[in-house]
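Counting starts at 1 for both ligands and their atoms, following the listed order. Positions are given from 1, in the same order as the sequence printed here.
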Amino acid sequence: MSHIGSYDERYKNFNWTIAEKELDYGNNSIYNIGYYCSDRICEKGLGNRRALIWQGFTGEVRTFTYNDIRIYSNCFATFLKEVGVRAQERVCIFMDRIPELYISFLGILKMGCIAQPLFSAFGEEALLTRLDDAKTRAILTTKKHIHKIRRLRAQLPELTKVIVVDAGDKPLENDEIAFDMDNVPNVDHFDIFKANRDVPSVLHYTSGTTGKPKGALHVHSSIIAQYITTKWVLDLTADDIYWCTADPGWVTGTSYGIIGPWSNGITQAVYDIGFNAQKWYAFIEKHKITVWYSAPTAIRLLMKEGTELVQKFDLSSLRHLISVGEPLNAEAVLWSEQAFGKPFHDSYWQTETGSIVITNYPGMKIKPGSMGKPFPGIIATVLDQQTFEPIRKPGSVGLIALKPGWPSMFRTYWNNKEIYDSKFKNDWYICGDRSSIDDEGYFWFVGRDDDVINTAGHLVGPFEIESALLEHEAVAESAAVGKPDPINLEVVKAFIALKPGYEPSDDLMINIMNFVRKKLSPLAMPQEIEFVDSLPKTRSGKIMRRLLRAQEWGEDIGDTSTLEND
Ligand code: WT7
């Protein structure tokens with residue numbers, strides 16, 4: 001593991017300039033991520049190396065070299081410019097995991113626009129909130145998803161460019177534009193937008209407890225951290241075939257499904273299907289995947305299928321396994337050692353942090369159930385809930401906090417500086433999670449410090465769910481909380497108090513479920529509704545979701561006076 005160095009040594013001697021030099025960031029005064037993920041790799045003489053091995057859900061395979069993605073992304077950038085999209089305008093990518101998603105992302109950045117990826121399973125309401133907040137100028141989508149946008153157009157006056165990347169012969173409506181990257185002339189040279197380090201690059205929406213989802217805004221120099229964490233934590237080298245199972249609608253899919261691997265010039269594989277144990281193993285076998293980045297929910301689903309299934313495949317190519325998004329339970333680590341002969345290495349970070357901040361660094365002793373230690377260059381601690389001072393006593397639980405200053409740190413929440421500012425206390429950035437640190441410096445995750453629900457590694461804000469429920473004529477009040485689930489960690493449960501004149505019944509429950517299904521993404525859909533006479537509230541009238549949650553988890557509610565603090 002010489003190229004990644006020993007953890008202790010790296011941590012002691014690291015500064016971000018080392019990472020910048022490794023990436024050669026600022027070469028010829030170029031700072032644009034799009035350049036470092038394609039042109040730069042070609043300039044190093046690696047243009048014929050495979051950048052992307054893509055497999056569709058029907059089994060069809062396409063491969064793209066670095067030169068291909070350089071040219072195709074130039075085509076996207078040129079096209080966006082030609083249709084009148086201007087630098088720094090938001091361009092949304094709304095499609096399944098097809099090659100155009102990955103390549104247009106680079107094109108958008110080369111053009112100087114802000115890429116705004118959104119998960120293609122989002123329902124109309126979820127989409128509307130995020131496009132409206134960002135005042136998105138253009139959206140790139142496919143025939144499969146265009147209907148959702150058509151229904152929202154009237155409410156989105158700023159969204160003047162609707163671009164369909166697979167229109168073929170299908171007629172489009174009104175002013176929609178067709179763009180097919182395979183059927184346009186090659187653009188060998190594009191004048192890449194002269195971004196500096198602090199120019200915004202990517203806008204990812206994430207959910208909080210209150211209010212609408214917030215857009216975490218990243219800048220071009222985030223690539224420094226994404227590059228070096230990919231190299232050292234994912235332990236990628238030139239010969240690797242890397243597979244990240246995350247969708248680029250979420251930050252893992254951009255930081256480690258596009259920017260990280262491509263700035264390292266390695267070959268990555270993408271599979272455009274959801275979870276399927278058989279198909280996933282067959283995919284690893286077929287493409288000889290060596291490094292695999294996935295999530296605890298997927299691992300738990302694989303565990304359910306057992307080691308017998310694993311043995312039907314030749315998975316001997318696998319060399320390094322990493323997990324993110326939710327607590328990785330010790331059983332999952334031990335099972336993966338049994339099933340694959342290798343442990344999953346946990347990694348902890350957030351949309352806001354832009355890159356991995358705490359992790360089981362390769363070669364470091366793994367303590368199953370622990371997230372590991374801070375990545376070199378990251379100063380992490382746990383803070384006292386009241387004083388926001390670091391807690392020195394090993395094993396005490398506090399708020400996970402990071403010293404600001406690493407390159408991929410978000411720079412603000414779009415239109416929401418107030419909430420951004422509220423995340424900092426005593427010069428620490430507060431992640432919103434609770435953890436303890438043991439006497440060897442390992443972090444042990446305890447839980448979130450807010451009411452956000454983590455279902456299968458995806459964060460869902462109660463506000464969006466409750467707003468959708470409240471639109472139903474029978475609903476007077478509602479509270480959405482996470483209830484325990486053996487596979488997904490948590491699923492959404494809604495508590496509902498009805499308006500006078502309505503009686504709880506199964507029919508009404510189904511009616512409400514169907515009503516919100518269209519508004520919410522499948523992840524945010526309540527799996528259970530419980531009718532109650534009224535909801536527990538603080539003295540000032542805020543719903544005490546924590547109390548409801550504690551009941552679901554069978555936890556001691558303890559001193560409710562603290563819960564009643566506003
Ligand atoms: C939240 C961030 C980071 C990419 C995907 C999610 C939870 C993340 C872990 C982990 C326990 C984890 C935290 C965090 N989380 N990784 N290894 N162990 N919890 O990004 O949607 O911004 O979610 O996911 O609660 O704050 P995100």
Does the ring center of F94 lie less than 6.0 Å from the ring center of H145? yes
So the atoms of ligand 1 within less than 4.0 Å of a heavy atom of M371 turn out to be 18 (N)
Nearest option to atom 8 (C) of ligand 1, as decided by whichever heavy atom of W349, F410, Y256 sits closest: W349
Report the part of V452 (side chain from C-beta onward, or backbone N, CA, C, O) that has a heavy atom under 4.0 Å from ligand 1; answer both or neither where that applies. neither
Check ligand 1 against G325 and write out every atom of the ligand that is under 4.0 Å from a heavy-atom position of the residue. 7 (C), 8 (C), 9 (C), 12 (C), 15 (N), 16 (N), 24 (O)
Could you tell me, atom by atom, which parts of ligand 1 come under 4.0 Å of a heavy atom of S347? 10 (C), 16 (N), 17 (N)
What residue and heavy atom of the protein are closest to atom 1 (C) of ligand 1, and at what distance? R448 NH1, 3.6 Å
Are any of the N or O atoms of L459 closer than 3.5 Å to those of ligand 1? no
Can you find an N or O of E326 that's nearer than 3.5 Å to an N or O of ligand 1? yes
Please confirm whether Y429 and F410 have ring centers closer than 6.0 angstrom. yes
Where does the angle between the aromatic ring planes of F122 and F119 fall among parallel (under 30°), tilted (30 to 60°) and perpendicular (over 60°)? perpendicular
Between K403 and W428, is NZ or CZ placed under 6.0 angstrom from the six-membered ring centre and within 45° of the ring axis? yes
Distance col, row M371:CE vs I358:CD1, nearest 0.5 angstrom, shows 4.5 Å
Does only the side chain of F445 get under 4.0 Å from ligand 1, or the backbone, or both, or neither? Count heavy atoms. side chain
Should you measure from each heavy atom of V251, which atoms of ligand 1 turn up under 4.0 Å away? 4 (C)
Please work out whether any backbone atom (N, CA, C, O) or any side-chain heavy atom from C-beta onward of T351 is under 4.0 Å from ligand 1, and answer side chain, backbone, both or neither. both
Criterion salt bridge (Lys or Arg N to Asp or Glu O under 4.0 Å) on K212 and E466, from CA distance to verdict: CA-CA 11 Å; K212 294 180 177 171; E466 292 161 10; over 6 Å; no
Can you check whether H320 and H345 have ring centres sitting under 6.0 Å from each other? yes
List every atom of ligand 1 that sits less than 4.0 Å from any heavy atom of P327, numbering the atoms from 1 in the order shown and giving each element. 11 (C), 18 (N), 19 (N)
Look only at interatomic distance and state if Q350 has a nitrogen or oxygen under 3.5 Å from any nitrogen or oxygen of ligand 1. yes
At less than 4.0 angstrom from any non-hydrogen atom of N454, what atoms of ligand 1 do you find? 7 (C), 24 (O)
Residue from W54, F283, Y293 passing ring-ring contact (aromatic ring centres under 6.0 Å, His included) with W243: F283
Go through it in stages, so that I can follow the logic: the residues are W232 and Y7, the test is ring pair (Phe, Tyr, Trp, His ring centres under 6.0 Å), and I'd like the CA-CA distance, side-chain angles, deciding distance and then a yes or no. CA-CA 10 Å; W232 290 354; Y7 172 76; over 10 Å; no
Strictly under 6.0 Å, is that where the ring centroids of F340 and W292 end up? yes
Among all protein non-hydrogen atoms, which one is nearest to atom 26 (O) of ligand 1, and what is the separation to 0.1 Å? D433 OD2, 2.5 Å
For atom 5 (C) of ligand 1, the closest protein heavy atom turns out to be T252 OG1, 3.4 Å
